[in-house]
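A, B, ... follow the sequence lines: proteins, then strands. Residue 1 opens every chain.
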Number of protein chains: 2
Amino acid sequence: MSMLEKSWLILDSFRPTGGPLRLADVSARCRLPKTTTHRLLAELAELGAVDRQDDGYILGRALFELGSIVPLERDLRDAALPFMHDLYEATRETVHLAVRDGLDVVYVEKLRGHEGLALPSRVGGRLPLTCTGVGKALLAFAGEQLIEEVLGRPLRRLTPHSIVDRSRLEESLVSAQQTGLAYERQEAQPGSACVAAPVFRDGVCVAALSVSTPIARFQPARLAPAVKTAALGISRALARHTPPR
Amino acid sequence: MSMLEKSWLILDSFRPTGGPLRLADVSARCRLPKTTTHRLLAELAELGAVDRQDDGYILGRALFELGSIVPLERDLRDAALPFMHDLYEATRETVHLAVRDGLDVVYVEKLRGHEGLALPSRVGGRLPLTCTGVGKALLAFAGEQLIEEVLGRPLRRLTPHSIVDRSRLEESLVSAQQTGLAYERQEAQPGSACVAAPVFRDGVCVAALSVSTPIARFQPARLAPAVKTAALGISRALARHTPPR
DNA sequence: TATGACGTTCCGTGGGACGGAACATCGATC
DNA sequence: GATCGATGTTCCGTCCCACGGAACGTCATA
């Protein structure tokens with residue numbers, strides 16, 4: 001394993017919180033000798049990729065800066081933000097934008113007001129495709145091949161309400177394909193629910209948008225049209241800003 | 001120079017746009033032999049830190065994910081977002097949150113609506129402290145030592161309106177210290193202006209908040225109180241969420 | 001004082017990073 | 001189609017420096 005791979009392993013070991021982690025923690029997580037970990041952490045600190053603090057190491061600002069300019073996510077975000085705003089104002093509920101990576105959703109942007117509920121999602125964080133509204137929207141429009149791959153594996157469960165039954169999942173994916181809307185009720189987090197809609201660029205589903213509320217005040221009929229409108233707006237904005245090559 | 005340093009140099013060379021860059025571009029920017037650049041790019045691609053595309057390399061999603069969970073920026077962002085929202089709704093103008101790094105401001109979050117003007121700022125991007133509203137707010141409350149260091153160097157200029165006169169800068173910093181507000185008119189970008197206010201945690205200025213508008217409709221009297229209220233709200237939220245160690 | 005957990009320094013060894021040279025692959029120009 | 005320049009890629013011998021075990025320093029707690 002090269003020096004680079006090891007360093008990457010070390011940075012990755014800070015997930016999902018970003019730290020703080022002690023030398024011993026990092027060393028254990030990466031299964032690297034203490035000495036090696038120590039040296040690499042020192043070098044990474046030199047570069048600003050990690051910061052030393054009294055209580056251990058945390059990921060550093062330089063990483064934040066680099067991460068912020070990653071083109072794919074940045075373009076999507078820039079195009080989506082104004083519409084996410086509209087959606088927030090129309091609903092006053094937490095708004096998420098996410099993309100797919102493998103069998104996970106990766107959250108790209110999150111908007112919430114003062115009363116926003118505590119959700120397990122964080123920007124840059126991952127959750128299983130099948131446990132979230134955005135995930136189901138992304139999956140439904142990702143093509144048969146991926147759907148079959150997901151159905152071929154045991155479904156992950158985050159709460160007692162997470163879908164683990166294949167036919168129920170298939171059913172909800174078909175419904176999403178037909179209506180352009182995916183629902184989720186307490187499948188990712190007890191007490192919260194959401195409606196999600198896919199976002200397209202050049203006919204390909206590249207992201208999904210959702211609105212989450214406490215289950216107690218979940219009003220799909222009110223939220224669904226707003227989500228759909230916003231998602232459509234983003235799709236149009238993407239088409240406008242990125243001329244086909 | 002170690003392998004790690006070189007790789008970092010390569011990633012850094014993608015600033016400020018994130019790419020796409022061709023092998024030859026990267027090699028030239030880093031002053032590294034073509035061969036070495038080629039090998040390192042291949043390894044970075046393997047890790048997901050960069051993506052290969054037909055027209056060159058771009059920074060990859062893995063970097064985005066890591067950058068998103070950097071604790072310092074994330075905490076600040078989480079605390080600030082609801083208040084930035086309020087500010088946007090009260091003013092309907094582009095809202096910025098930034099921190100200081102050395103003699104630059106680094107933008108941490110940006111909120112804008114459909115009609116938001118094209119600004120040179122981007123999240124994760126840098127601008128000189130003295131050319132921006134947030135920069136002046138950060139500088140004014142960063143301590144005498146830093147102020148003197150800045151005054152001791154030639155002031156950078158982005159537009160014909162950028163402040164290059166030491167006494168004028170000093171004056172505006174004193175004014176910021178007294179009023180808790182910093183102004184900027186066409187000093188970073190022709191045609192735009194802003195008002196900024198500092199954000200404190202444990203009595204230390206850790207960030208600054210601003211509202212930017214086209215100079216034509218710039219109404220400091222209307223914007224200033226809103227910015228100040230929002231900045232104060234963030235300071236309080238930070239104090240609430242992070243118990244003093 | 002003994003004991004353990006943790007971070008740090010030291011240093012001999014061996015693997016792999018290094019980069020020059022040569023090759024491959026394209027367009028452009030004549 | 002021959003020549004050229006610019007680009008990306010492969011090859012491989014040299015040599016350096018990354019590696020990690022061992023030993024040490026420094027705190028806590030028993």
Original post:
Below 4.5 Å, heavy atoms only, C-beta onward: do B:L209 and B:F83 meet side chain to side chain?
Top reply: no
Let me check something: any side-chain donor-acceptor pairs from residues 32-48 of chain B under 3.5 Å, sequence neighbours excluded? List them with distances.
{"from": "B:T37", "atom 1": "OG1", "to": "B:P33", "atom 2": "O", "distance (Å)": "2.9"}
{"from": "B:E43", "atom 1": "OE1", "to": "A:S2", "atom 2": "OG", "distance (Å)": "3.3"}

Salt bridge B:R61-B:D51, side-chain N to carboxylate O under 4.0 Å:
no
Separation of C:dG16 atom C1' from A:K6 atom NZ, nearest Å, is 11 Å
Picking from D:dG8, C:dG19, D:dC19, the nucleotide nearest the side-chain atoms of B:R22 would be D:dG8
Taken to the nearest whole Å, CG/B:L44 to P/C:dA17 is 13 Å
When rounded to whole Å, the CG to P distance for the pair A:L23 and C:dG7 reads 4 Å
Per nearest nucleotide of DNA chain D, the residue lying toward the 5' end, B:M1 or B:Y57, is B:Y57
note: B:L4, atom CG; D:dC16, atom C1'; distance rounded to Å ~ 17 Å
Sequence neighbours excluded, the answer for side chain to side chain contact (heavy atoms under 4.5 Å, CB included) partners of A:Q145 is none
The residue, B:S2 or A:A24, whose nearest nucleotide of DNA chain C is more 5′ is A:A24
From CE of A:M3 across to P of C:dG14 the rounded distance in Å is 21 Å
Separation of C:dA17 atom C1' from A:E5 atom CD, nearest Å, is 13 Å
For A:L76, the side chain to side chain contact (heavy atoms under 4.5 Å, CB included) test, sequence neighbours excluded, returns A:L97, A:V99, A:A207, A:L238
Sorted by chain and number, sequence neighbours left out, side chain to side chain contact (heavy atoms under 4.5 Å, CB included) with B:L173 holds for B:K136, B:L139, B:A140, B:I147, B:L169
With sequence neighbours left out, the residues meeting side-chain hydrogen bond (donor to acceptor under 3.5 Å, both in side chains) with A:D104 are A:R126
B:I10 atom CD1 is separated from C:dA17 atom P, nearest whole Å, by 14 Å
A:L21 CG to C:dC6 P, in whole Å, measures 13 Å
Within residues 27-42 of chain A, those residues having any heavy atom closer than 4.0 Å to DNA chain C are A:K34, A:T35, A:H38
